[in-house]
Trainee: 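A single structure is presented below for examination.
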There are 2 protein chains.
Amino acid sequence: MGESDTKGRGAGVRTITDLARLAGVSPGTVSRALAGKSLVNARTREKIEALAREHGFRPNQMASGLRRQKTGVIGVAIPLGHDVRQQISDTFFMTLLGLLADELTDKGYDLMLRRVVPMNDEDWLDRYIGSGMVDGVIVIGQSDQFDRIEEVADGYLPMVVWGNHTQGQRHCVVGTDNRLGGRMAAERLIAAGATSLAFLGDTAPIEFAARYAGARDVAMRLGVPLRVLPTHLAPDQLSEEIAAHLAGNAGEVDGIFAATDTIAAACMAQLRARGLAVPEQVRIVGFDDLPIASQTVPPLTTIRQDIHAGARGLVDLLLRRLAGEETESLVLPPQLKIRASA
Amino acid sequence: MGESDTKGRGAGVRTITDLARLAGVSPGTVSRALAGKSLVNARTREKIEALAREHGFRPNQMASGLRRQKTGVIGVAIPLGHDVRQQISDTFFMTLLGLLADELTDKGYDLMLRRVVPMNDEDWLDRYIGSGMVDGVIVIGQSDQFDRIEEVADGYLPMVVWGNHTQGQRHCVVGTDNRLGGRMAAERLIAAGATSLAFLGDTAPIEFAARYAGARDVAMRLGVPLRVLPTHLAPDQLSEEIAAHLAGNAGEVDGIFAATDTIAAACMAQLRARGLAVPEQVRIVGFDDLPIASQTVPPLTTIRQDIHAGARGLVDLLLRRLAGEETESLVLPPQLKIRASA
DNA sequence: GTAGAATTTGCAAACGTTTGCAATTTGCGT
DNA sequence: ACGCAAATTGCAAACGTTTGCAAATTCTAC
């Protein structure tokens with residue numbers, strides 16, 4: 001019953017040296033024991049481990065990181081480019097983030113999240129990398145920072161980016177084949193009877209631009225008109241903008257390809273408000289296959305991104321790069337998920 | 001044109017000592033100059049800053065952290081208690097996370113994200129705190145870890161938790177008054193004509209338990225029956241479970257209080273599939289006021305949580321605690337948002 | 001019992017920064 | 001030109017861990 005402060009962080013043993021004194025060995029030995037090195041005697045190790053457990057001792061990660069020149073932390077940067085409030089509402093990015101956290105935890109890494117506003121901050125990426133706080137970086141979304149990322153990639157290996165793959169680019173990217181996805185969407189709309197198409201969403205982000213380009217491929221090949229109805233992603237602006245577009249293009253569009261399921265869902269609400277029947281009068285296809293896609297009325301036909309494979313790919317490639325390997329980009333196939341909206 | 005490697009991380013100047021040599025001063029002076037201390041001559045500072053900029057030098061955060069005994073990093077832990085896949089689908093938590101990142105960035109902190117599975121890992125919280133990697137901790141969701149959090153809170157000041165406030169608890173919490181929210185939901189359902197209520201969702205997490213308790217307060221006071229229809233949060237199980245509940249309780253329930261908007265949305269899809277009219281045959285109220293709430297058909301009446309205020313409150317309280325202050329908990333008022341589903 | 005190898009340990013120097021203290025320089029008034 | 005205070009700088013010791021090397025111990029085989 002003497003054991004007073006078991007497992008208290010407030011206890012007196014904060015450093016590896018304290019623990020060494022208690023165990024009657026040198027700090028070096030404690031370090032080796034706790035690190036599971038083979039060069040320490042089994043009985044010594046047990047004693048040290050027991051003491052460590054008893055006093056709730058954890059080696060200081062900062063000191064360890066400094067000495068070993070690695071931190072066990074992966075930085076995840078979300079650049080908020082053109083549209084600052086963009087990703088907050090973007091379920092896709094947030095879900096990807098959650099999966100990344102799981103995946104990295106599995107591999108023994110921690111995740112440091114940073115949202116950056118490149119406009120205010122020329123060298124966000126250099127700063128992140130140079131801080132010495134992260135062993136590698138995952139960038140979620142190229143936003144409008146393609147060039148900067150390219151620049152950095154030349155001199156810094158452990159970086160992987162979620163986004164669009166462009167012919168000949170130098171940074172390692174994981175992402176869906178957006179252009180192919182765009183083609184699939186347009187084909188489906190036309191197959192479902194659409195004769196005049198619209199792309200609903202901002203075409204500035206290159207992922208979206210690629211989706212639009214894919215749709216245009218098909219539209220031009222088949223001689224179907226295709227217009228762009230630009231919107232933002234923030235939920236408040238979104239509905240109004242869509243409403244304005246629908247009012248302005250009344251009756252001229254019967255097939256909508258939304259850059260995102262989120263946009264598609266908002267659009268369906270507006271279509272319903274205007275009394276337009278989906279898919280009879282207007283067909284609509286989304287992108288992502290978020291959970292919301294199966295809950296709209298009618299359920300949304302969409303281009304599915306394999307987000308789990310994406311997260312796995314990102315950390316897999318990053319770890320290989322941390323090990324020094326020069327990896328290729330990973331382009332995932334999109335998949336047409338037919339529901340009822342087109 | 002001699003200037004070769006401007007701003008390259010690969011450059012030769014990696015440490016403060018390198019830079020000191022270049023500037024012809026001592027490392028100490030460089031440190032002071034870069035830290036903006038007042039005791040360094042203006043001209044010296046300028047020269048040093050210029051050199052630093054030219055060579056893209058950034059002081060190593062690990063070393064700095066070690067020496068100063070603070071890291072500039074706030075840990076955010078998401079415990080995945082009862083239901084491991086829980087929060088992945090939980091838009092609310094993910095949105096909160098995004099807002100936290102913004103808020104912390106504003107205050108000059110970084111955010112380290114860790115998802116923990118307490119079942120596999122007795123002392124996740126102690127480990128996080130003791131790692132020396134974070135200056136403070138924000139826990140998102142109490143899950144089933146109330147007791148452990150209480151324990152830790154006694155000896156560790158800089159921790160704030162998002163969750164439910166319970167009379168007499170010792171840890172500092174920020175969250176909505178769930179019980180009041182539950183009362184508001186039940187009152188609204190009954191005012192909208194419901195005569196037999198059901199709570200749809202898991203009652204194990206204490207936030208949800210409190211919501212249920214609020215509904216029960218009202219139901220008992222008014223003599224209206226209230227049953228519990230337990231579900232998980234993972235989207236795949238969710239729909240089936242709801243379908244089963246609806247089949248099993250056909251016609252016996254005309255007012256549903258869903259623990260979450262996500263659950264409510266899934267439920268509305270199932271109601272529609274069974275041909276039950278909302279709100280004529282079944283009224284339904286959600287919780288959170290996520291973006292999805294305004295896009296369901298019909299739009300969802302729900303109990304709004306002020307998530308922005310929550311994020312601000314969390315970091316505000318945490319910073320005060322970092323400064324040594326003992327702060328009270330912050331309980332935010334819920335708000336009934338009437339749309340069309342009840 | 002002893003040489004030699006094999007296993008365990010201890011020592012001390014890093015890792016890169018910050019900071020109290022002392023030493024130096026500068027400025028000012030006379 | 002000199003003394004004194006104020007303003008700058010340099011020195012060196014931390015922060016807590018890891019790790020190459022050498023020293024000490026244990027083991028093995030004769």
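In what follows, every chain begins at residue 1, and chains take the letters A, B, ... in the order their sequences are listed. Computed from a predicted model, the values in this text were never measured in an experiment.
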Trainee: Under the criterion salt bridge (charged side-chain N to carboxylate O under 4.0 Å, His left out), which of B:Glu151, B:Glu150, B:Glu328 is the partner of B:Arg170?
Mentor: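 By the salt bridge (charged side-chain N to carboxylate O under 4.0 Å, His left out) criterion, B:Arg170 pairs with just one of B:Glu151, B:Glu150, B:Glu328: B:Glu150.
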Trainee: With a 3.5 Å distance limit and no angle check, can you tell me whether B:Asp121 reaches the backbone of B:Val117 through a side-chain donor-acceptor pair?
Mentor: no
Trainee: Without swapping roles, check the side chain of B:Thr105 against the backbone of B:Ala101 for a donor-acceptor pair under 3.5 Å.
Mentor: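 It does hold such a pair.
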Trainee: With sugar-phosphate meaning primed atoms plus P, OP1 and OP2, does A:Ser31 contact a base, only sugar-phosphate, or nothing at under 4.0 Å between heavy atoms?
Mentor: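 Result for A:Ser31 = base.
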Trainee: Taking only residues two or more places apart in sequence, or in another chain, which ones meet A:Asp123 in a salt bridge (charged side-chain N to carboxylate O under 4.0 Å, His left out)?
Mentor: A:Arg127, B:Arg58
Trainee: List the atom of B:Tyr109, the atom of B:Leu319, and the distance in Å for their closest heavy-atom pair.
Mentor: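 In terms of heavy atoms, the two residues are closest at CE1-CD2, 3.5 Å.
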Trainee: So for the helix from C:dG1-D:dC30 to C:dT30-D:dA1, with five pairs setting each end axis, what is the inter-axis angle to 10°?
Mentor: 30°
Trainee: For the side chain of A:Asp135 and the backbone of A:Thr71, is there at least one donor-acceptor N/O pair under 3.5 Å apart?
Mentor: yes
Trainee: With a non-hydrogen cut-off below 4.0 angstrom, is B:Thr15 in contact with a base, only sugar-phosphate, or nothing?
Mentor: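 Answer is sugar-phosphate: B:Thr15 comes under 4.0 Å of backbone atoms only.
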Trainee: Holding to salt bridge (charged side-chain N to carboxylate O under 4.0 Å, His left out), I want the full list of residues that pass it with B:Glu46, two or more places apart in sequence or in another chain.
Mentor: none
Trainee: B:Met62 or B:Gly28: which one's nearest nucleotide on DNA chain C is closer to the 5' end?
Mentor: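 Closer to the 5' end of DNA chain C: B:Met62.
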Trainee: Under a criterion of less than 4.0 angstrom to any heavy atom of chain A, what are the 5'-terminal and 3'-terminal contacting nucleotides of DNA chain D?
Mentor: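 Contact span on the strand: D:dG16 to D:dG20.
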Trainee: Does the B:Thr17 side chain pair with the main chain of B:Pro27, one donor and one acceptor, at a distance under 3.5 Å?
Mentor: no
Trainee: I need the full list of salt bridge (Lys or Arg N to Asp or Glu O under 4.0 Å) pairs touching residues 313-326 of chain A, with sequence neighbours left out, sorted by first then second residue.
Mentor: A:Asp316-A:Arg320, A:Arg320-A:Glu325
Trainee: Which parts of residues 35-51 of chain A get close to DNA chain D, meaning a heavy atom less than 4.0 angstrom away?
Mentor: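 Residues of residues 35-51 of chain A that come under 4.0 Å of DNA chain D are, in numerical order, A:Lys37.
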Trainee: Is a side-chain N or O of A:Gln142 found less than 3.5 angstrom from the main chain of A:Asn164, in a donor-acceptor match?
Mentor: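 Judged by distance alone, yes, a pair lies under 3.5 Å.
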